[in-house]
Amino acid sequence: MLKVTYLSHSGFMFDDGFHRVLIDPFITGNSNAKHTLEELNADFIALTHAHGDHLGDAISIAKANKSLLITVNELGNHLAEMGLNTHRMHIGGAYNFPFGRLKFTIAHHGSSTADGKYMGEPAGIVLKMGGHTIYHCGDTGLFLDMKLIGEIDKISLMFAPIGDNFTMGIDDAVKAVEFVHPEIAIPMHYNTFPIIKADPYEFKTKVESLRKKCIVMEFGETLEF
Ligand code: NI
Ligand code: MN
């Protein structure tokens, strides 16, 4: 069993009844967010990259809950310098955490702090938890190696950015779903800002035309898989 809560943008909370894992919690300054930071009391926070809409509120949540921040090495070094608990990994590496196995995959994007400091490579995340294998693409353009990700692991839930401009748009995201072949595709990274306005139902229709399943999660919604 895995409870998945969509925080909006690229933020998710995963809860298997024993552990809570956040990915890219971005609440402050995000008018689509429905949760308070107090509700996001997770022991583990995994980050795809350092951009403000992904690092988001991770630092304050980690400080309040003594959470372990799971990141690529350079971003982890930066967070550790701030006195936070980190587990530093890198692209292609996986590790068995108390909640399950987490692997960082490639993502084609950038990763720096607001003041321009390089924070290592951006990443996607493959997370095995609660009997599921999820693939959170992070911020990325379409790439052919997504086929490998779907070949190595049978992905049950794939979270794909569809907002265009900074990441894949709808049509490339549909191609990504074709490459990864998940049981269920879920769109993310859209409608937070005017520049990433996209219709998740257009994505759903296009995914379904490939005879694949797509669920559009409401902002703030929790579904059990
Ligand atoms: Ni980004
Ligand atoms: Mn982003």
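All of these numbers come straight from a predicted model, not from anything done at the bench. Read the numbers this way: they start at 1 and go in the same order the structure lists the ligands and their atoms.
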Verify side-chain hydrogen bond (donor to acceptor under 3.5 Å, both in side chains) between His9 and Asn30, making sure each step is shown before the conclusion. CA-CA 8 Å; His9 203 58; Asn30 171 2; 5.8 Å; no
At a cut-off of 2.8 Å, protein N/O/S around the Mn ion (ligand 2) gives Asp53 OD2, His54 NE2, Asp139 OD2, His189 NE2
Can you measure from CZ (Phe225) to CG (Leu2) and round to the nearest 0.5 angstrom? 8.5 Å
Between CG on residue Leu84 and CE on residue Met82, distance to nearest 0.5 Å: 6.0 Å
May I ask you to list the protein N, O or S atoms found at less than 2.8 Å from the Ni ion (ligand 1)? His49 NE2, His51 ND1, His109 NE2, Asp139 OD2
Connected via hydrophobic side-chain network under 4.5 Å: Leu75 and Phe26: no
If you compare all heavy atoms of Met129 against all heavy atoms of Phe14, which two are closest, and at what distance to 0.1 Å? CE-O, 3.7 Å
Between NZ of Lys63 and CD1 of Ile59, what distance do you get to the nearest 0.5 Å? 6.5 Å
Treat each ILVMFWY residue as a node, draw an edge where side-chain heavy atoms are under 4.5 Å apart, and state whether Val180 and Met217 are in one component. yes
Go through it in stages, so that I can follow the logic: the residues are Lys147 and Glu151, the test is salt bridge (Lys or Arg N to Asp or Glu O under 4.0 Å), and I'd like the CA-CA distance, side-chain angles, deciding distance and then a yes or no. CA-CA 6 Å; Lys147 277 191 176 173; Glu151 218 176 274; over 6 Å; no
Pairwise distance CG(Leu157) to CZ(Phe12) - rounded to 0.5 angstrom: 9.5 Å
